[in-house]
Structures are given as C-alpha cells and as structure tokens.
Amino acid sequence: MTPTTTNLPSLYEPSATEAKWQKFWSDNQVYKADATKGGQSYCIVIPPPNVTGSLHMGHAFDNSLIDTLVRYHRMCGRNALYLPGTDHASIAVHTILEKQLAAEGKTRYELGREKFLERAKQWKAESGGTIVNQLRRLGVSTDWSRERFTLDNGLSKAVLFAFNRLYNEGLIYRGKYLVNWCPASQSAVSDVEVESKEVDGNLWHFRYPLTDGSGYVEVATTRPETMLGDTGVAVNPTDERYQHLIGKTLMLPIMNREIPVIGDELVDPTFGTGCVKVTPAHDANDFAMGKRHNLPFINIMNKDGTLNENAGEFQGQDRFVARKKVVARLEADGVLVKVEDYKHTVPYSDRGKVPVEPLLSTQWFVKIRPMADKCLESLDNQNSPNFVPERWAKVYRDWLVKLQDWCISRQLWWGHQIPAWYAISETGGQIAENTPFVVASSDDEARSKLVAQFGENVQIARDPDVLDTWFSSGLWPFSTLGWPEETTDLKTYYPTSTLVTGFDIIFFWIARMAMMGSHFTGQMPFEDVYIHGLILDENGKKMSKTANNGIDPLTLIDKYGTDALRYTLIKEVTGAGQDIRLEYDRKKNESSSVEASRNFANKLWNAARFVMMNLDGQTPQQLGVPEATELSDKWILSRFNQVVQQSHTYMDKYGLGETAKALYEFIWGDFCDWYIELVKSRLQNKDDAPSRKAAQQTLAYVLEGILKLLSPFMPHITEEIWHTLTQQGAESQQSVSCQPYPEVDTKLINPALESQFELLIGTIRTIRNLRAEADVKPGAKVTANLQSASAQEREILTQGQSYIKDLAKVENLTIAGEEKPAKSLNKWWKILAIIFSLFLVRVAFAISNTMGNVPLIGNFFEIVGLLYVTWFIIRNFILAQSRQKLWGKVSQFTGNPESQQLSAAPEKVIAGVVGTVQVLIPLDGVVDIATLRAKLEKSLSKVENEAQSLTSRLSNPKFVDKAPAEVVQGAKDALAEAQKQKEILRERLQSLT
C-alpha cells in the first residue's frame with residue numbers, strides 16, 4: 001500500500017470550515033428525517049422565533065442545547081427529527097409596518113386591510129428569513145424540508161379547526177371583560193407581552209366625604225385620573241375602624257356621584273389607610289370586587305389612551321395630562337391630603353413601550369379551567385410531563401391552579417383572523433356588543449348559517465380581530481406534524497420527546513401547549529420538559545433591550561467560530577436550570593470564555609494533525625482495532641471507555657454541561673497532554689514495528705472515538721477532521737454526525753491501572769514543577785531520586801520509569817525505599833558523638849593535669865587543649881559539611897543497598913512530594929545556585945513590599961469604610977496571595993541553604 005499524505009491544514013479556520021459543512025449538510029439533506037424508517041423516534045420541535053427577530057444569545061443557547069440532544073440521540077440510532085419554523089409575531093410585524101407607514105405619512109386604516117396584508121407578506125418574503133439564515137449559521141441539524149410558519153396553509157387549517165371545535169364545545173366565548181390594553185398599538189396584549197418595570201412614582205392621598213355629613217374616608221392611589229370612574233370604596237369587613245361605615249355612601253369629588261362603602265375580604269387592612277377606591281372598569285382586583293358587589297362599570301378611557309365622555313371636563317385629554325389636572329382640581333377643592341414619593345411596579349407593553357391600561361373591552365376568551373384541570377390530573381397521577389429539573393414541576397402546577405380565562409383576540413390585522421361572522425344588518429350595520437354572530441370554517445358556511453337565521457338580505461361582516469399568536473403556538477407540537485390530519489409524521493413523532501426552553505415561559509407557552517395537546521390529542525405533547533437558565537451578561541445581569549446589555553452571538557461567531565460559542569454555552573451549564581454568566585469585554589468585543597473554547601478547538605486540530613502525520617497514510621479502519629500491550633495504551637483505552645460511559649450516563653439524564661466538561665478534560669488532558677507525548681518516542685522508533693503499530697492503532701482508534709463523542713457539541717470541526725482522518729473523499733455523503741455514538745467496552749476499563757497511572761503522571765508533573773522552580777533549562781537533563789515506603793508504589797514507578805525519564809527529561813533515575821535504617825543509625829550516631837566528645841574533653845583535662853606540674857607550661861597547655869577540643873567538636877560534629885562527609889563514610893557500613901545511593905545525597909537538592917512518594921532533584925552542576933538565590937531574594941523583596949503596602953491600605957479605616965466592597969475584597973485577596981507567595985519563596989530559599 002502506498003502511503004498518502006492526506007492531512008489537515010496547519011491552521012484551523014473556523015469560518016471557512018463551518019460554511020463548508022453547513023452547505024454539505026444542506027445539499028445532501030443529511031438531517032432529513034424519514035417517518036417510515038421505523039425504530040425508536042426522537043423529536044424536538046423548535047421553539048419558533050419571531051419572524052421579525054434576529055439571533056440573540058437566548059436563541060443561540062436554546063438551539064445549541066436542542067441540537068446537541070438531537071445529534072446525540074440520532075447517533076445513538078434513534079429516528080431523529082429536529083423540526084424548524086418561525087412565528088408570525090403579530091404585534092412585532094405591525095410595529096415595523098406602521099413605522100414604515102408613518103414615515104410615509106400614512107396609517108394602516110388609510111391603506112386598508114387587504115393592502116396592509118399584502119405589504120406584510122412582502123415584508124416577510126424580503127426580510128423574514130433573517131433569523132432562519134442565522135440559525136443555519138449556528139449549525140443546527142434541523143430538517144429544513146419540514147420548515148413551518150404559523151401562518152402557512154397547514155397551520156392555518158389547524159387553527160381554524162381548533163377554534164371551531166373549542167367554540168362548539170363551549171370552551172370559547174365572547175364577552176366583555178378587563179384586558180391588558182396597549183394604547184400605542186391599540187390592541188389587547190397577553191401577559192407575556194407585558195414587562196413589569198419598577199419606577200419612581202407618587203402616591204396621592206385624598207378624602208371622600210360621607211353623604212350624611214359625619215366625616216370622610218381617606219384613600220390613596222398611584223393613578224389619580226382613574227378616580228373619575230370610581231363606583232365604590234372598599235374596606236375589610238373585619239377592620240373594626242371601618243365596620244360602622246359599611247353600607248353608607250360617599251360623594252365622589254369632581255364627579256359628584258354617590259358611591260357605596262362595601263366590605264370585601266380582598267382589602268388588606270395594613271396597606272395604606274385600609275380604605276381602597278374601587279374602579280371596576282380599570283383595575284383587575286376592582287373588576288372582581290365590582291362583580292361580587294354588583295357595582296357599575298364605568299369606562300373613562302378611549303382605546304388611544306385619551307379620556308372619553310365619562311371623564312367629564314377632562315374628556316379628550318391624554319391620560320397623563322389628565323392625571324396632573326385631576327390632582328390640581330382635587331387640591332383646589334381641598335380634598336387632596338398629601339403626595340408621597342412611591343417606588344412601585346408598572347406594567348409596560350413590550351412592543352408599544354408604554355404603560356398598559358386595564359380596560360373593559362369585548363373580546364374572545366378561552367375557558368381555561370376544564371383544560372387546566374386535565375393537565376393537573378396528568379401531572380399529579382402520571383408525572384406527565386416530566387420536568388428537568390424536577391423543581392419546575394411545582395411552578396408549572398402553581399400556574400395551572402391559578403389560571404384564569406385566556407383573552408385570545410387582538411385588535412390587529414396580521415395573524416389568524418377570528419372565524420366569526422356577524423349579522424351587522426341587525427345592529428345598524430356595525431359590529432356591536434349585542435350583534436348576532438356565528439362561528440364557521442369558511443365564508444360560505446357562515447353565510448349559510450346566517451341566511452338560515454336572518455334571511456337572504458342579511459348583511460354579513462367578519463370579525464376584524466386576529467387571534468393571539470400564543471393560540472397558534474399552543475398547537476405547534478402537533479400542528480407542525482400535520483394535525484388535524486392523521487399523517488405519518490404525526491404517528492411517528494408525536495408525542496415529541498423533549499421540550500427545551502427557558503423557565504420564563506412556563507405559563508405562557510408550556511402550559512398552553514400542554515392544555516391544547518392534552519385536549520385535542522389526548523396526550524401530552526412532550527415526554528420531558530428540559531428547563532434551562534438564562535445567559536447573563538459579564539456582570540451577572542439578565543440581558544435585555546431595555547438595559548442595552550445584550551451580547552451579539554454573531555459577533556462572537558465571527559471572531560471565534562460557531563463551535564467555540566456552542567461549546568462555551570453548553571460547557572458552562574452546571575446542573576439543569578442554572579443561569580450562566582458569559583465573560584465579555586465590550587470595548588474589545590472579546591470573550592475569554594469563548595476564546596478558551598476556541599483554544600480547545602485548536603488543541604484538538606493540532607493533535608489530529610500530529611496523529612495523521614504519524615499514521616503512514618492509513619485510516620483507523622485500515623489500522624484495525626488496537627492490540628494494547630503497553631501500559632500507556634491500556635491506560636488511554638481505559639480512560640476512553642470511562643468517558644464513553646460517562647457521556648451516555650450524563651446525556652441520558654440531560655447532563656450536557658457535565659458531558660462537555662468530561663470530554664474537555666479527557667481530550668485536552670489525557671489524550672493531548674499525556675498519551676500523545678507518551679507515544680512520540682515509539683512513533684519515531686521504526687525498529688520496533690509492533691510497538692509502533694500498536695501506538696498508531698490506539699491513536700487512530702481513540703481519535704476517531706473522540707470525534708464521535710464531540711460531534712454533537714462541536715459539529716463542524718469534528719466533521720472536517722473525521723472526513724480527513726477516514727479519507728472519505730470529495731464525493732462522499734457520509735457524515736460523522738450520523739455515525740454510531742461510541743459504546744463502552746467495559747472489559748477495557750481498568751480503574752486500578754488508571755490509579756497507578758495517576759501516580760506516574762503526578763510524579764512527572766512534580767519533577768517538571770521542580771525543574772521550573774529551580775530554573776533548570778528546558779533542554780537540560782537532571783538526576784531524580786524517588787523514595788517511597790510502599791513496595792507497590794516502587795513497582796509502579798519502576799514499570800513507568802521510561803515514561804518518567806522521557807517526559808520529565810531525567811537522565812539518572814533512582815527508585816528506592818525510605819531510609820529507615822539510616823534514621824535509626826543517625827540517632828545512635830548522635831549519641832556516640834556526644835560520648836566521644838565527652839571522652840575527648842576528659843583526655844584534654846588529663847593532659848592538662850599532667851602538664852600542669854610544669855611551671856608556666858602547664859597553664860599554656862591547658863588553654864590550648866581546651867581550644868583544640870572545642871574546634872574539633874564543632875568541625876566534625878556540628879558543621880553540616882563535615883558531618884555529611886563523615887556520615888558518607890559511616891553509611892558504607894549500613895547494610896541497606898536500596899538506600900545506599902540516596903544516603904550520599906549532594907548538598908543542594910530541591911524536593912517535592914506526590915502522594916507518599918518523595919521526589920529529590922540534586923541541583924549541583926545543573927543550575928547556578930548563587931544566581932537562583934539572588935533571583936528568589938529579589939522576588940521575595942518585591943512580594944514583601946507588596947504585602948506591606950496592602951496591609952497598610954487594609955489597616956486604614958478610611959479605605960475599608962469608603963472604598964467599594966469589591967475593591968476592599970480584592971485587596972484582601974491580593975494580600976492573601978502575597979502572603980502565600982512569601983511562604984513559597986522563603987521555602988525555596990531555605991532549600992538552597
């Protein structure tokens with residue numbers, strides 16, 4: 001066989017690689033699902049983004065999670081479908097088009113409904129594909145042949161069918177109720193389209209006099225203009241302060257309308273004065289009290305936010321202008337008591353960007369209770385759907401318990417027009433609250449029904465309103481699969497497997513899909529609901545348009561690549577449902593988090609290049625299954641199978657972040673940093689063909705396995721490397737993302753071997769660290785002495801000594817037991833030294849006494865003798881050099897051959913410990929001790945000065961009390977680090993003395 005030179009380019013270029021494979025997947029319809037294929041299905045329908053939208057970090061996060069799950073299950077052999085689509089976004093489209101019309105000096109009413117809808121469709125055709133193209137850049141493995149749009153013909157048919165059925169079952173009705181009204185868009189809005197903002201406002205207090213002249217009650221409000229529509233004042237019936245007033249009447253200031261004092265348990269006696277003004281037509285709680293006590297409902301507001309004829313002298317004024325003038329009138333009339341500053345929450349229309357008004361309006365509603373109760377029964381009795389994490393099931397349940405009837409009509413034109421037709425000839429040619437109507441599936445059916453009731457001359461008009469977009473979104477999991485028809489897709493992929501979404505729309509979308517799905521299909525629309533957290537900005541705050549703190553994922557994709565962004569978002573998930581803080585430098589548009597993942601991609605790329613350069617042009621299939629005979633081969637195969645097992649365990653329990661981290665540690669650490677380094681010498685040694693081939697087999701096998709494990713997370717780079725590694729060729733339509741996910745071979749898992757290898761790795765790492773601490777030149781080889789009392793550890797080190805020598809650049813390696821006999825002898829040697837010293841002193845005194853008999857000479861010899869004995873003892877028993885020299889001679893007779901080489905340790909060594917193994921590296925002849933000592937002393941001086949400066953700052957009360965908490969904490973952390981560095985430097989200097 002002639003070796004090929006197939007290999008990767010020297011540099012990884014994400015943008016070119018990603019565009020290449022996205023086109024490949026699309027052109028070859030790699031992810032087109034086959035409903036007739038059979039086998040276990042796995043289906044996720046995309047949470048449909050607004051057609052007006054562009055990719056934001058929430059989209060990137062949500063779809064990265066979904067795509068990783070779908071890719072994993074597809075590789076596990078399941079019949080996978082990731083179904084894409086978009087939502088028609090009624091209010092958002094209206095906002096865009098009405099701004100365009102305003103710039104032209106027109107309104108939608110002047111344009112007319114038909115031409116407005118034509119313009120909307122034109123806009124969708126030209127600009128509505130932006131979000132879809134951006135999702136493609138994310139590399140999602142969706143089946144684009146099944147792409148849906150909530151206004152396409154199939155989904156429109158499903159909406160029409162659902163509305164008619166619910167109406168015929170008595171679950172949809174038309175009535176006059178309080179709704180959230182947006183004066184800017186002049187439409188009712190759903191709760192999800194309302195954003196609560198905390199504002200600095202006022203609390204106005206004023207008096208309502210009793211009609212019997214016996215006094216007054218004091219009320220307080222944040223919306224004084226609404227007092228014009230008051231029809232009562234409420235107190236708690238248990239409040240002894242006001243019990244005597246219940247049943248009396250008050251005179252409403254300005255309007256001079258007599259209103260009753262009522263008792264209602266909804267009133268909180270501890271809030272304000274305990275008296276609450278009741279405006280049933282303009283407040284949700286007041287609406288409920290008005291119903292209970294049969295109070296009049298007086299609407300004072302027009303749909304554009306101005307006051308109507310019921311506001312008296314304030315008619316025609318904008319609500320906020322009227323607010324000021326009403327307060328001025330109350331003050332002039334002497335009933336204004338006081339005005340307080342008051343911070344409170346105001347609901348804003350997300351699209352109109354103005355405060356919403358609770359407004360009494362005739363709308364269409366869904367009767368929620370029967371459907372909600374059915375979902376509660378499924379949750380309580382069958383734990384369906386299954387929430388991950390489980391704690392969100394309680395939140396879902398709480399929503400179901402407190403759900404109220406759902407307003408589904410919107411005063412817009414872009415959307416699903418409500419299928420109700422009115423006999424306007426019965427009410428003066430206009431649609432009124434009492435106009436007769438029918439619900440039907442078509443114009444012809446409606447006309448037939450109305451003609452039967454009112455004759456051939458009946459004038460008919462269709463309801464101009466459209467349905468809330470959440471109505472069609474509630475049908476999304478099954479309407480996208482062909483419902484109400486019994487399609488093959490519906491039979492194969494419904495119920496869907498998993499819904500992946502954020503916790504913030506549990507009520508708005510999840511509950512509605514659950515209710516609709518359970519009602520129309522008799523099944524929950526998804527088996528599992530995987531709730532993820534939010535992507536927070538670099539300061540840990542929620543991203544929003546209001547805060548202007550969003551991070552554009554496309555900017556990060558352009559800079560670091562799609563795979564790097566995807567991997568970052570998934571790897572940071574620690575436990576399902578947790579929020580993620582994304583590091584980001586706004587000045588530079590850089591993210592250290594995403595950069596780290598880009599570096600990981602580069603690491604994999606370079607490792608793959610090295611492997612392929614050393615395979616002699618062979619593929620993993622040509623090389624065959626590894627025949628592991630060497631320790632390092634067995635170790636990496638054990639570690640590989642461990643991570644395969646972990647990946648399956650984590651992924652099957654939605655541990656995506658845990659899987660990503662495990663793969664990162666294995667690929668970067670075990671494979672790239674250790675195994676590749678361990679086999680380099682074997683690859684270069686062509687004289688040992690069996691060992692070299694075993695290394696090649698193992699490298700190729702593990703690398704291909706890594707690419708498959710990593711494919712769901714980083715699909716582009718793994719596709720590129722896999723095609724090159726397996727030499728697929730230009731015409732191949734194969735994809736690594738459709739290969740079988742690796743299965744664990746438990747026979748190859750050897751925990752004992754892995755534990756042993758950890759000792760070898762730890763020893764190599766310790767020697768490397770000691771070399772760095774001692775400033776040993778990178779190319780210089782050292783002598784290393786390893787000492788352990790454990791025979792098992794010594795055996796492991798002996799087996800792996802070639803790895804230690806190779807990777808730690810060790811020339812002479814000694815492996816020995818502890819010097820226990822030497823320690824014992826050292827103790828006795830000290831005792832002997834003391835006895836011998838005393839003997840010498842005694843001899844000196846004897847000589848002195850003998851010579852003392854000679855005049856003058858005796859005194860002289862006595863002094864000299866004492867001085868000599870003192871010098872001898874110091875020189876031979878106290879000074880370290882002489883003691884070691886003498887000890888070296890004595891140790892020749894210790895009888896401990898294992899310790900013999902270590903006992904004559906050189907003067908200067910640097911030591912470390914790994915487990916119970918002591919590592920000693922002699923420094924003499926390897927480094928310049930004096931230069932090293934000078935360098936360490938300089939570093940110590942610098943650190944000591946820094947520590948002193950920080951201590952001085954932290955001792956200053958002004959700094960501690962006035963500086964921001966994070967600055968003070970930063971100084972404390974810096975001081976702790978400086979103290980730690982001082983200890984390390986002192987220890988290193990001590991080792992050189």
Testing Leu770, Asn769, Ile804 for side chain to side chain contact (heavy atoms under 4.5 Å, CB included) with Val919, which one passes?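 Going through Leu770, Asn769, Ile804 one by one, the side chain to side chain contact (heavy atoms under 4.5 Å, CB included) with Val919 is satisfied by Leu770 alone.
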So [Y] and [X], do their side chains get closer than 4.5 Å, heavy atoms only?
X      : Y      : answer
Thr68  : Arg566 : yes
Val968 : Phe959 : yes
Ile551 : Arg586 : yes
Ser632 : Tyr675 : yes
Leu604 : Leu710 : yes
Ile636 : Trp674 : no
Asn549 : Lys541 : yes
Thr814 : Asn812 : no

Side-chain donor/acceptor of [X] to backbone N/O of [Y], under 3.5 Å:
X      : Y      : value
Ser941 : Glu937 : no
Ser755 : Pro751 : no
Tyr650 : Ala662 : no
Tyr584 : Asp537 : no

Do the ring planes of Phe600 and Trp668 sit parallel (below 30°), tilted (30 to 60°) or perpendicular (above 60°)?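 Geometry flag for Trp668 against Phe600: parallel rings.
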Mind telling me whether Trp635 and Phe757 have parallel, tilted or perpendicular rings, with 30° and 60° as the class edges?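 The arrangement is parallel - the two ring planes meet at less than 30°.
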Set of side-chain hydrogen bond (donor to acceptor under 3.5 Å, both in side chains) partners for Tyr664, sequence neighbours left out: none
What residues form a side-chain hydrogen bond (donor to acceptor under 3.5 Å, both in side chains) with Thr562, not counting sequence neighbours? Glu18
Under a 4.0 Å threshold between the charged nitrogen and the carboxylate oxygen, would Lys982 count as salt-bridged to Glu944? no
For the pair Lys680 and Glu677, find out whether any cationic side-chain nitrogen is under 4.0 Å from an anionic carboxylate oxygen. yes
What's the shortest heavy-atom distance between [X] and [Y], and which atoms?
X      : Y      : value
Pro922 : Thr783 : CD-O, 3.1 Å
Gly533 : Phe61  : O-CE2, 3.6 Å
Ser647 : Thr659 : OG-CG2, 3.8 Å
Arg581 : Asn539 : CD-C, 4.2 Å
Leu569 : Ile580 : O-CD1, 3.4 Å
Leu920 : Ala911 : CD2-CB, 3.4 Å

Output all residues satisfying salt bridge (Lys or Arg N to Asp or Glu O under 4.0 Å) with Glu665, sequence neighbours left out; order by chain, then residue number. none
Against Glu977, only a single residue in Lys980, Gln981, Gln979 fulfils side-chain hydrogen bond (donor to acceptor under 3.5 Å, both in side chains); can you say which? Gln981
I'd like to know whether Asp633 forms a side chain to side chain contact (heavy atoms under 4.5 Å, CB included) with Val679, so could you lay out the CA-CA distance, the side-chain angles of the two residues, the decisive distance to 0.1 Å, and finally the verdict. CA-CA 9 Å; Asp633 298 342; Val679 299; 4.3 Å; yes
Would you say [atom1] of [X] has more than 12 non-hydrogen atoms from neighbouring residues, nucleotides or ligands within 6.0 angstrom?
X      : atom1 : value
Gln799 : CD    : yes
Glu966 : CD    : yes
Gln969 : CD    : yes

Show the numbers, then the answer: is there a side chain to side chain contact (heavy atoms under 4.5 Å, CB included) between Leu11 and Arg609? CA-CA 10 Å; Leu11 293 177; Arg609 287 191 75 247; over 6 Å; no
Gap between atom [atom2] of [Y] and atom [atom1] of [X] - 0.5 Å precision:
X      : Y      : atom1 : atom2 : result
Ile910 : Arg771 : CD1   : CZ    : 11.5 Å
Phe610 : Leu703 : CZ    : CG    : 12.0 Å
Ile761 : Glu758 : CD1   : CD    : 5.0 Å
Asp552 : Lys559 : CG    : NZ    : 13.0 Å
Thr718 : His716 : OG1   : NE2   : 9.0 Å
Lys661 : Leu656 : NZ    : CG    : 10.5 Å

Hey, could you give me each pair passing side chain to side chain donor-acceptor pair (under 3.5 Å) that has a residue in residues 594-607? Not counting sequence neighbours. Thr568-Ser597, Lys603-Asp673
Once side chain to side chain donor-acceptor pair (under 3.5 Å) is applied, what residue pairs with a partner in residues 951-963 remain, sequence neighbours excluded? none
Which residues satisfy the ring pair (Phe, Tyr, Trp, His ring centres under 6.0 Å) test with Phe671, sequence neighbours excluded? none
CA sep, side-chain torsions, deciding dist, call: Tyr654, Val573, side chain to side chain contact (heavy atoms under 4.5 Å, CB included): CA-CA 10 Å; Tyr654 296 97; Val573 178; over 6 Å; no
List the steps and the verdict of side chain to side chain contact (heavy atoms under 4.5 Å, CB included) for Leu582 and Leu556. CA-CA 11 Å; Leu582 186 64; Leu556 297 179; 4.1 Å; yes
Test item: side-chain donor near acceptor, Ser592 and Glu583, under 3.5 Å: no
Would Ser593 and Glu572 count as having a side-chain donor-acceptor pair, cut-off 3.5 Å?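 Judged by distance alone, the side chains do not pair up.
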